[in-house]
Structures are given as C-alpha cells and as structure tokens.
Amino acid sequence: MLKQTISELISKAITKAQKEGKLPAFDLPEIVIEHPQNPDHGDYSCSVPLKLTKIVKMKPMDIAKDIIGSIPASPEIEKVDVAPPGFINFTLKKVWLAKEVNDVLKNGANYGNINAGQGKRIQIEFVSVNPTGPLHVGHGRGAVIGSTLCNVMTAAGFDVTKEYYFNDSGSQMDSFRQSLWARYQQALGKDAAMPEHGYMGEYMVELAQEIKEKEGDRFLKMPPAEGVEKLGEIGLARVLETTREDLKTLRVEYDVWYSEKTLYEKGQFDIIMKLLREKGYVAEKDGAIWFSSTALGEDKDNVIVRSNGSPTYFAADIAYHYNKFIERKFDKVIDIWGADHMGHVSRMKAVVSALGIDPSRLEIIINQMVTMRRGGEIVRISRRTGDMITLRELLDEAGTDACRFILLSRAASSQMDFDIELAKKQSAENPVYYVQYAHARIASILKVAEEKGATDEGGDVSLLTTEPELTLIRKMLQLPELVETIAQTLEPHHLTYYAQDLATVFHAFYKDCRVVSDDKAMTSARLKLIKAAKLVLGRTLNLMGMDAPERM
RNA sequence: GUCCCUGUAGCUCAGCAGGAUAGAGCGGCUGCCUUCUAAGCAGUAGGUCGUGGGUUCGAGUCCCUCCAGGGACGCCA
C-alpha cells in the first residue's frame, strides 16, 4: 500500500540524514501519513517534522528540508515539497495513478484485501440476544455493525469466526417458559395467570396459539413440570428459528450458534470454578460464591453462584470466554454488546486476566441505544412490556439495504435516532440508493458500450489525465487503506462515508467525461476506468452487506 | 451518590493515535435534462465545535471544573 511505502521512504530518509550528520540521533517515532484536506497540498502528507521539534530542537521547516533532501526519486511520486509550518507533502505521478486502474482490474472482486491479520484467528460474537422474543432495532444495529466488521476483518486477512451465543438456561429462560406455559393454557381456554415478571408481549400469545394449533393440548396431559419443560423446548426452538430468519433477512449469518447450556454439560463451568478457586479469586459470603473482582481493582465483587446453587449469567460468560481463549485458542476475541451490558465490560476484562489471559486479546464494542421515532414522536422499546417495533417490521417497511445503511452510518459509541417514517418516505433519497445508483449507472454505460461494439480491449490507461478521472482513481485507491483503518479501530461506520464519497466522485466524473464516444482509444481507456470503479463500488457495498444492483 | 457513553450547521451525524481554511446527508435558496440512467450535477446560505480553565509551536481532538441528554450500578441477562 502506498501509504506504507511513503512512511518507509520517510523513515529511511531520516536515518540517512542522521548518518550524514544533518539530524541528531534519536529513536524513530511512528511515521503517520495522512491525506491533506486541501488537494493543493498533494496526495499524502506527513507532519513528522513538527513532532520532531521537541526531540531535535531544530526549526520544523529545517527538519523537513533535511528529510526531503534524503528522499530518493521513486516511480510513484512526482514531487515532494515542504510547506509551512513543517509539513512534507507528496504529489503522485499522474501516469502512476492511471496505471493503478490495471491493478484494480487485476485484483477484481478481491480489491481492497490486505494482509494485516496474517491469518490470525479471531472470533467475533455479536447480537447474542436471549431467545425469549423477537429482535428489535437495537439488536439490528449490533447485527449490522458486527457482520460488517466480520466482512472487513476477513478482507484484512484475519481468519474470522462469526458467533451467536444464546442463553438457553438461567432465570430469564425460566421466566420465558412460565410465560409461555400461561399463554398456552389460556389459548386452550384455561384460566392461567402470567408470572410476575413474565414476558407480556403480544408475541407470546401468538407463539402459544401457534403451538396449540400444531401440537394440540398434549403438554397439558403431561405432569406439569414435564409439560412446562417440553413446551419450553419447542418455544425456544421456535424463537431461535425466528431470530435466525430475521437475521438472515438482514443479511447476517453465523458460523457458530453457541448454547449456554453446553457450558454446564461439557464441563467448562466446572473448570473455571476450579481455576478461580486455585488462584484465590473465589470467596463465600451470605451463602453465595463470589468472584473477588475488587482484588483486581473493580468497584465490587460479583456473585458467580447464587445461594440457591444456580450459577449466574456472569459465571456462564466466564466459562464461555474460557472456551474461546483456552479451548478454541482464538488469538483475538471481539464481543459486541448493547449499551445495557456496559457494566459487564470491566468485570469481564478482570476475570479474563484472572484466568491468566492477556486482557488486550479481548475487545469489547458497546453499541449505544437506538431511539425509535415515528415522525417526531419517540417510540419506547421494551421487550418485557412488549411495547416495541420489531426488526422484522422495520425490514419489511424500509428494506434490508436501507436499514443496514442507516444502522451502520453512526459510530457505535453514539446514540442514534431512527425515524421509521423518514426511512420509508425518503427511501428514494436514502444515501444507500445514491451509492447503488452510481453502480447501476456504470452497468448501464457498459451495456451501451456493448451494444455499440465498443470494448476496453487494448485500452491505454495513460490516456486518463483529467482531474475528474484522477480524482476518481485516487478515491478508489483508498479502499485498502480504509480496510486497514477499520481493522485497527474496529469502527466500520467509516465505510458508509467512503461509499458516498466514492459515488460522488464517480457522479462528478460522469458529468464531465463522456465514456462511449467516437474517440476509440479514449473510449477503451475510460471503459477500463469505469469497470474498475464498478468493482470498487461493488466491493464497498459488498463489505457493508448490501446489494450492488445492475439497474435501478 | 459512583462509573461509562454522548454534546460539532435548522435536523441527523462524520472528523481516521492533536496538525494546514471545521465536513457530509437531509432541509432552505439559485441554476442545469435533443448527448452513456436527473435516484444526478453545479452554486449559495448556515458554526464563538455545551461551559470555564489547563497542557503546547499548534486543541473539535488530550487533562480538570461545571452544565445537559442517555445508560449502568441485581444472588436479571
């Protein structure tokens, strides 16, 4: 990648200048290369001379001059110059830029891939909602961020496992079973009260009705405990199936669906209890067993086994992370949780280090809440009261691509508004259509070219010299850089901005440059360019999990 | 009360490990279709980056105070 080439060029130049005695000795700082906002400042810039003033005690402009004096000529770079107060600016050769079109075409659908991950194994767990009811938008947000991040990490050269963890044991599951049991009895015309903190949503009534129609009253004929258990199993399977379907519609699919229950059945829970006990992180108090997180700097200790003997959600998650790091040996684990899990972050990191695992191998992304609006009015969403807008409803109303784009377009750490009326009403003006339109437009030009017998064969890309053409190429070349940035920062929302930028420069090119014309040589060159642009646009949409339509 | 996230244009939000004149979309206003898709393009208006200090060559970005919105503080998950 060019960014890296330039960075190396500068560090070599500094070393050379040091050897020649122009610069004093010091350890090389990290050389950050960026794109100047003002195109007059060239294609790439570096502010390292400014950073060096503290260490070197020279004027930044002088440092910059010494550095560029030691930069050799290279095939990519037209000129290197110094600009006050101490920037080094690089301008690329137009011919080199134009030739890069061939590189994009050569890489095809793989363009943008890099090898930052070097095949390291990484597990990304996201959504992981209790299987007790339908998904809502907040879950959708985690799903879109997670699946997009998976796509990008794969492109960045990591070996990614996409995983959904479902809590099929524990007290919420009990509550689900009891609620379903009550609704089932009601569906059969019996008088039954809902449990106190039960799932009050209408969907439970529908689920009970559905089961009644398929299975009849057979659960009532069993001993009550068994009936609740068997009914619960069927209900759980049904909810999981719906979850899977909804996510599939959102274009989110997993490699592994991981059951909490198995952590007890297959022994991971016992192992972590033993390990924590051996390491002295376990205390007993009030009849319960606690993880001594305060010993690791936490605010408070946390219960892992209740006084009634049942393990907590925290205990299960410890066992699950033991499985991720120790048993399955992932190099890195990323958990994507909703804002309601914020309190869970620091104790999870603490317990991971208590197990002897470097906590920097665990990354946790918290996605903030989504506020739903219908027009100006805020709609509260709560699964337990059942007052909610489901993800399914949203997908049906606004479409997968529009939903994905909106949910992806904000940093995970920002709360966001999602106005359903706007999403529906504006669907024709939604940014996603702007991007897809650029793709469809290219497809349309290619079709016209084909009809007229024009071809890109033998096209000479060095004919591409005008600003709209070169601006388009420059933007295309940023995709690999973006993949690298996202792999580092774990912030996939930048893709939506890049996609819009790329579409904008294409539309500007389209306005200024006629592709299919009487000039055969130019037609061939530009056909190459737009084929490459189509690939990059398509890849960007593909990374975001969206369609790249041939016509609109 | 303690901890975490957020506060940037009328609205919704970017601003990538401090760097050159603070950006986009939507909305407002003015133009552009006999030419490959006008779901488009060009132009224009709109900001004391919540407040007050500090760090330094330089702060929307880092530190502290305060204000506002949201979230978490459970033997729920």
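Letters go in sequence order (proteins before strands), and every chain restarts at 1.
Taking the ring centre of A:F291 as origin, the terminal cationic atom of A:R347 falls outside the region bounded by 6.0 Å and 45° from the ring axis. Within the cation-pi definition used here (under 6.0 Å to the ring centroid, within 45° of the axis), A:R441 does not qualify as a partner of A:F506. Judged by the 6.0 Å distance and 45° axis criteria, A:K324 is positioned over the aromatic ring of A:Y320.
Nearest to the side-chain atoms of A:A440 among the listed nucleotides B:A20, B:U37, B:C75 stands B:U37. Listed nucleotides B:C75, B:U37, B:A14 differ in distance to A:T312; the shortest reach to its side chain belongs to B:C75. When distances run from any side-chain atom of A:H341 to the nucleotides B:G71, B:A24, B:A77, the shortest one goes to B:A77. Between B:G40, B:A20, B:G19, one nucleotide has an atom nearer to the side chain of A:S47 than all others, and that is B:G19. The side chain of A:H494 lies closest to B:G15 when the candidates are B:C36, B:G25, B:G15. Among the nucleotides B:U37, B:C41, B:A77, the one closest to the side chain of A:S444 is B:U37. When each of B:U21, B:A42, B:C4 is scored by its nearest atom to the side-chain atoms of A:A508, the top-ranked nucleotide is B:A42. Of the listed nucleotides (B:U37, B:C76, B:A42), B:U37 has the atom at the smallest distance from the side chain of A:Y510. Comparing B:C41, B:A39, B:C16 by their closest approach to the side chain of A:T489 singles out B:C16. Closest approach to the A:E491 side chain among B:G15, B:G40, B:G71 is made by B:G15 (side chain taken as heavy atoms from C-beta onward).
Straight-line distance from the CD atom of A:E34 to the P atom of B:G19: 6 Å, rounded to whole Å. We find that CG of A:N38 is positioned 14 Å from C1' of B:G23, with the value rounded to whole Å. We find that NE2 of A:H507 is positioned 16 Å from P of B:A24, with the value rounded to whole Å.
Nucleic acid contact for A:E550: base, since at least one base atom lies under 4.0 Å from a heavy atom of the residue. As judged by a 4.0 angstrom heavy-atom cut-off over every strand, A:H41 is placed among the base-contacting residues. Within 4.0 Å of A:A411, counting heavy atoms only, lie sugar-phosphate atoms of the nucleic acid but no base atom. Residue contacts for A:S171: at a heavy-atom cut-off of 4.0 Å it reaches the sugar-phosphate backbone alone, with no base atom in range. Within 4.0 Å of A:A288, counting heavy atoms only, lies at least one base atom of the nucleic acid. Counting any heavy atom pair closer than 4.0 Å across all strands shown, A:S45 reaches a base atom. Within 4.0 Å (heavy atoms only), A:Y497 reaches sugar-phosphate atoms of the nucleic acid but no base atom. A:C46 comes within contact range of no nucleotide atom at all, as no heavy-atom separation falls under 4.0 Å. Note on A:D286: a base of the nucleic acid sits closer than 4.0 angstrom, heavy atoms only. Looking at heavy-atom distances under 4.0 Å, A:D518 makes no contact with the nucleic acid at all.
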Under-3.5 Å N/O pairs linking protein and nucleotides 6-12 of chain B:
residue : atom : partner : partner atom : Å
B:U12   : O2'  : A:R410  : NH2          : 3.0

Which atom pairs link the protein and nucleotides 54-64 of chain B when you take only N or O atoms and keep those under 3.5 Å?
residue : atom : partner : partner atom : Å
B:C57   : N4   : A:L50   : O            : 3.4

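A distance-only check finds a donor-acceptor pair linking the side chain of A:T540 to the backbone of A:V536 [under 3.5 Å]. Looking at A:R514, its side chain does come within 3.5 Å of a backbone N or O of A:V516 through a donor-acceptor pair. Between the side chain of A:K261 and the backbone N or O of A:D168, no donor-acceptor pair lies under 3.5 Å. A donor-acceptor distance shorter than 3.5 angstrom exists from the side chain of A:K349 to the backbone of A:L362, with no hydrogens or angles considered. A donor-acceptor pair is defined here as one N or O able to donate and one able to accept, closer than 3.5 Å; no such pair exists between the side chain of A:S307 and the backbone of A:G287. Between the side chain of A:S179 and the main chain of A:Y199, a donor-acceptor pair closer than 3.5 Å is present.
For the pair A:W290/A:N302, no side-chain contact is recorded, criterion being any heavy-atom separation below 4.5 Å from C-beta on. Side-chain atoms of A:D456 and A:R526, non-hydrogen and from C-beta on, never get closer than 4.5 Å to each other.
Residue A:H493 places no side-chain N or O under 4.0 Å from the OP1 or OP2 atom of B:C13. In this structure, A:R306 reaches the B:C76 phosphate: one of its side-chain N or O atoms is under 4.0 Å from OP1 or OP2. Checking the phosphate oxygens (OP1, OP2) of B:C3, no side-chain nitrogen or oxygen of A:R347 falls inside 4.0 Å. Note on A:Q37: a side-chain N or O is less than 4.0 Å away from OP1 or OP2 of B:A20.
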Next item on the list: Might you work through the side chain to side chain donor-acceptor pair (under 3.5 Å) test for A:T471 and A:K475, ending with a clear yes or no?
Entry: CA-CA 6 Å; A:T471 304; A:K475 189 53 80 178; over 6 Å; no
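Going from the C1' atom of B:G47 to that of B:A9 covers 5 Å, rounded to whole Å. Remark: the separation of the P atoms in B:G74 and B:G18 is 36 Å, to the nearest Å. One P atom belongs to B:G27, the other to B:U12, and the distance between them is 15 Å to the nearest Å. A distance of about 23 Å separates the C1' atoms of B:U35 and B:G43, rounded to the whole Å. B:C13 and B:U2 are spaced 31 Å apart, taking the C1' atom of each and rounding to whole Å. Nucleotides B:G70 and B:G60 have their P atoms positioned 28 Å apart, rounded to a whole Å. Nucleotides B:U61 and B:C49 place their C1' atoms 10 Å apart, quoted to the nearest Å. For the C1' atoms, the distance from B:G31 to B:A17 is 44 Å, rounded to whole Å.
Glycosidic conformation of B:A17 is syn; the angle stays within 90° of 0. Because its glycosidic torsion is more than 90° from 0, B:C67 is reported here as anti.
Here ring-ring contact (aromatic ring centres under 6.0 Å, His included) pairs that include residues 39-60 of chain A, with residues two or more places apart or in two chains, are A:H35-A:Y44.
Looking at A:D40, its side chain has no donor and acceptor atom pair within 3.5 Å of the base of B:A20.
Secondary structure note: stems in RNA chain B built from 3 or more consecutive Watson-Crick or G-U wobble pairs under 3.5 Å occupy B:1-7 with B:67-73, B:10-13 with B:23-26, B:28-32 with B:40-44, B:52-54 with B:62-64.
For A:E467, the salt bridge (charged side-chain N to carboxylate O under 4.0 Å, His left out) criterion is met by A:R474, not counting sequence neighbours. With sequence neighbours excluded, the residues satisfying side chain to side chain contact (heavy atoms under 4.5 Å, CB included) with A:A398 are A:C403, A:A423.
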